[in-house]
2 protein chains.
Amino acid sequence: MARKASVGNEDLLARLGATFRRVGYDGASLAQLSEATGLKKASLYHRFPDGKEQMGLEVLQEAGRWLTRHVLEPLAGEGSPRERITAMASELDVFYQNGKQACLLNLLSSPIGIAGPFQTAIRDMLEAFVAALAAVAEEAGFTPTEARERAERLVALVQGGLVLARGLGSTDPFTRVLSRLPTELLGTDTAIA
Amino acid sequence: MARKASVGNEDLLARLGATFRRVGYDGASLAQLSEATGLKKASLYHRFPDGKEQMGLEVLQEAGRWLTRHVLEPLAGEGSPRERITAMASELDVFYQNGKQACLLNLLSSPIGIAGPFQTAIRDMLEAFVAALAAVAEEAGFTPTEARERAERLVALVQGGLVLARGLGSTDPFTRVLSRLPTELLGTDTAIA
DNA sequence: GTCTATAGGAAGATAGAC
DNA sequence: GTCTATCTTCCTATAGAC
């Protein structure tokens with residue numbers, strides 16, 4: 001049952017994902033997706049009979065697998081809370097290429113009222129991410145509500161860091177956000193006013 | 001020189017902007033923009049000879065004027081730092097409709113390497129926003145670098161809150177983020193771990 | 001499974017009447 | 001300044017050879 005093909009499933013999804021993350025879902029034409037993968041349009045349809053939408057879904061599922069392996073599982077694993085958050089920041093830094101790559105969960109999501117084809121997948125992934133972080137915060141001693149709020153805030157900070165990096169045309173904001181993640185989830189802030 | 005027309009410039013830009021914020025720039029077809037404004041395609045081209053791109057630019061400029069009037073000027077105005085940030089949060093809540101409306105600066109921005117037609121406008125607006133917040137933080141006693149970082153973080157938090165609200169399909173994350181803005185910029189956090 | 005070729009329609013944009 | 005009608009290009013998607 002070996003795969004003789006030109007690209008291989010993982011590589012294929014990675015290239016499609018990279019294109020979506022670069023130009024957005026609506027911005028990505030089949031011509032671009034074809035060029036990015038090295039497969040002609042008809043070949044893409046052979047692999048994804050439901051077309052672009054199926055590509056989006058499978059790319060999202062692949063991102064979900066990455067999230068589980070590189071974020072959720074490590075967060076539930078060994079080490080102190082702080083160590084785990086720091087390790088996670090490192091993973092995110094690689095995944096988003098210091099902020100140069102956008103997030104699919106941002107680019108594929110639909111307005112609040114309208115139900116897009118990716119919405120449940122996106123919601124599930126974000127929810128799982130927040131829950132995993134909240135568990136770490138609880139373990140560190142925060143109440144469930146406080147832990148949940150901090151977790152949510154951390155995810156918002158990551159997403160916002162990516163938006164800011166794009167908007168300002170610099171990876172710095174994202175890098176700074178990443179370095180703040182342990183503090184953001186686990187506390188120790190200094191105040192003045 | 002009175003305008004006899006059906007919509008009026010401000011209303012027109014508002015409707016175009018609402019469409020962009022709902023479905024994104026690439027996702028917005030001229031057919032949709034036509035329907036949203038009540039103007040036929042040819043009429044839109046009469047008003048915007050350079051087409052969709054010009055619409056995007058002018059909508060962005062209109063957003064810039066809103067930002068100046070409702071955020072930048074109040075931030076530089078009367079009241080304690082905390083009062084000004086709270087007032088700003090209130091303005092943002094209205095503008096983004098509790099998180100139901102996305103942000104143009106997110107939807108129109110291009111990847112870090114690539115220079116899109118809106119990039120400088122977006123960068124300028126984000127930069128001005130951060131700068132105005134940093135000034136408030138400095139006034140509250142933070143060092144310039146610390147103030148700048150806090151300002152940047154606040155903007156990231158707002159953007160991320162919008163992304164999260166969309167992704168989770170709920171306005172709650174955005175509302176919670178807004179309520180945290182004073183603390184986020186001016187400090188007073190409690191720690192455990 | 002991959003390709004060339006093409007269908008069929010929607011996209012952005014224009015011409016010209018009123 | 002707004003419209004109907006149209007143009008061209010690009011898009012998604014399919015047919016059918018290899």
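Numbered from 1 within each chain, the chains take letters A, B, ... in sequence-line order.
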Rounded to the nearest angstrom, tell me the gap between atom [atom1] in [X] and atom [atom2] in [N].
| X | N | atom1 | atom2 | answer |
| --- | --- | --- | --- | --- |
| B:Leu30 | D:dC7 | CG | C1' | 15 Å |
| B:Leu12 | D:dG1 | CG | C1' | 12 Å |
| A:Gln54 | D:dA13 | CD | P | 11 Å |
| B:Leu44 | C:dA13 | CG | C1' | 12 Å |
| A:Met55 | D:dC11 | CE | P | 13 Å |
| A:Asn9 | C:dG1 | CG | C1' | 13 Å |
| A:Lys52 | D:dC10 | NZ | C1' | 12 Å |
| B:Phe48 | C:dT14 | CZ | P | 15 Å |

Point to revise | Under 4.0 angstrom between A:Tyr45 side-chain N/O and D:dT14 OP1 or OP2 | key: no
Exercise for review: Looking at every strand, decide which applies to A:Ser43 at a 4.0 Å heavy-atom threshold: base, sugar-phosphate, or nothing.
Suggested key: base
Practice item. Select base, sugar-phosphate, or nothing to describe what B:Lys41 touches, counting heavy atoms under 4.0 Å on all strands. Key: base
Point to revise | A:Ala42 vs A:Gln32, nearer the 5' end of DNA chain D by closest nucleotide | key: A:Gln32
Review point. Could A:Arg15 and A:Glu35 be called an ion pair, given the rule that one side-chain N must be under 4.0 Å from one carboxylate O?
Key: no
Exercise for review: State whether B:Glu152 and A:Arg180 are salt-bridged, where the test is any N-O pair (Lys NZ or Arg NE/NH1/NH2 against Asp/Glu carboxylate O) under 4.0 Å.
Suggested key: no
Which of these nucleotides, [options], is closest to any side-chain atom of [X]?
| X | options | value |
| --- | --- | --- |
| B:His46 | C:dG12, D:dT4, D:dT2 | D:dT2 |
| B:Lys40 | C:dG12, D:dT2, D:dT4 | D:dT4 |
| B:Ala31 | D:dC11, C:dG12, C:dA11 | C:dA11 |

Review point. Same hydrophobic cluster for A:Leu105 and A:Val59, using side-chain heavy-atom links shorter than 4.5 Å among ILVMFWY?
Key: yes
Point to revise | CZ (A:Arg65) with more than 12 external heavy atoms under 6.0 Å | key: yes
**Study point:** Under 3.5 Å side-chain donor-acceptor pair for B:Asn106 and A:Arg166
**Key:** no
